[in-house]
Amino acid sequence: MTDSRTLTNVFGVIGCPVGHSMSPAIHNHAFRSLNIEAFYHAFHVEKGELENAIIGIKALGIKGCNVTIPHKEAVIPLLDEIESTAKAIGAVNTVVNENGKLIGYNTDGKGFISSLKPYLTASLEESRILMIGAGGAARAIYFSLAAEGAREIDLCNRTVSKAERLIEECPAQTRSRALSLQAAEKELNNYDIIVQTTSIGMHPHVEEKPLNLENIKSSAIVTDIIYNPIKTAFLKEAEEKGCTILDGTGMFVHQAALAFEHWTGHFPDVSEMHDIVMKKLGGTPC
Ligand code: NAP
């Protein structure tokens, strides 16, 4: 019999594409720093291969994985148990293999909130928040902000009906309105925190912005969850208006750290993870 304690535990990310994923670098660094005998690999899994990949995770005894585009929703029926936050969000980004039982979690929303907290000048309860976008990431962040006590969270989106649906489906009580991008643009001076969650402005369309910030107040905190580029055109405009800005690298490393904690019981050094990400992206944080 082989003693399983002597084997290297394997973790990974499944997605398509995953070739440029920064997750192996940050998780392998954290394993080394904490003297944990483990290795993290990026597994390219095509849409039609997801079920086989999940069977493979069990068969090979892979201890846990991250799940990224396009599998975050499709993986749910293939897992044995879904934690309540992930169930409400309807997406999983972290899987833990507990003795052959695969449990799904979602750390995106909590990761965003952890990255935002050091910048808050008032509590979430007292802040008026505008979210731009109503896609998968927006859903995770909106539900987590509401669960964390935020009450005034308006959502604006190109497709307003998707924002309306998010508000209807949110498990926590909020005073939220669904707005068009144009309506939100006019009312920007109402908001203390603005959370940009659309893919507008992402490489290679780096000049694009979801809306213009003419009416924003300079005391606002403006976050963009995009991290490629690190400082989007949207954040650049907010900085010019005197706002506090926050890029998407913070959310990325915090969601990773929370996943790492689910797998190992240890919370890694987030600032070291952040340094690695910044080096890989070749930039300086906002
Ligand atoms: P998604 O589910 O596809 O949602 C995309 C959102 O962008 C929707 O609200 C969509 O509006 C809007 N949108 C896209 N193109 C648009 C356009 N040309 N004009 C107006 N609106 C447009 O994507 P997602 O998974 O939420 O990801 C969104 C972004 O977040 C991506 O850039 C992703 O890289 C980033 N992200 C970052 C992290 C992190 O850790 N920092 C984590 C997750 C995601 P409609 O509803 O009208 O289509």
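Each ligand, and each atom within it, is numbered from 1 in the order the structure gives.
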| request: Go through the steps for Tyr40 and Phe11 under the test ring pair (Phe, Tyr, Trp, His ring centres under 6.0 Å), then give the verdict. | output: CA-CA 5 Å; Tyr40 186 106; Phe11 296 84; 7.4 Å; no
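- Ile153 and Leu246 fall within a single hydrophobic cluster, where Ile, Leu, Val, Met, Phe, Trp and Tyr side chains are chained together by heavy-atom contacts under 4.5 Å.
- With no hydrogens or angles considered, a side-chain donor-acceptor pair links Thr198 and Gln196 at under 3.5 Å.
- In summary, Arg177 and Asp154 engage in a salt bridge, as defined by a charged side-chain N under 4.0 Å from a carboxylate O.
- Each of Tyr227 and Val13 belongs to its own hydrophobic cluster when Ile, Leu, Val, Met, Phe, Trp and Tyr are linked at side-chain heavy-atom distances under 4.5 angstrom.
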Measure and list all N/O to N/O distances between ligand 1 and the protein that fall under 3.5 angstrom.
residue  : atom   : partner : partner atom : Å
ligand 1 : 2 (O)  : Gly136  : N            : 2.9
ligand 1 : 9 (O)  : Ala134  : N            : 3.0
ligand 1 : 9 (O)  : Asn157  : OD1          : 2.8
ligand 1 : 11 (O) : Asn157  : OD1          : 3.3
ligand 1 : 18 (N) : Arg158  : NH1          : 3.4
ligand 1 : 19 (N) : Arg158  : NH1          : 3.4
ligand 1 : 26 (O) : Gly136  : N            : 3.2
ligand 1 : 26 (O) : Ala137  : N            : 2.8
ligand 1 : 40 (O) : Phe252  : N            : 3.4
ligand 1 : 41 (N) : Ile225  : O            : 2.8
ligand 1 : 41 (N) : Gly248  : O            : 3.0
ligand 1 : 46 (O) : Asn157  : ND2          : 2.8
ligand 1 : 46 (O) : Lys162  : NZ           : 2.8
ligand 1 : 47 (O) : Arg158  : NE           : 3.1
ligand 1 : 47 (O) : Thr159  : N            : 3.1
ligand 1 : 47 (O) : Thr159  : OG1          : 2.5
ligand 1 : 48 (O) : Arg158  : NH2          : 2.9

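- Between Phe43 and His41, the distance separating the two ring centers is shorter than 6.0 angstrom.
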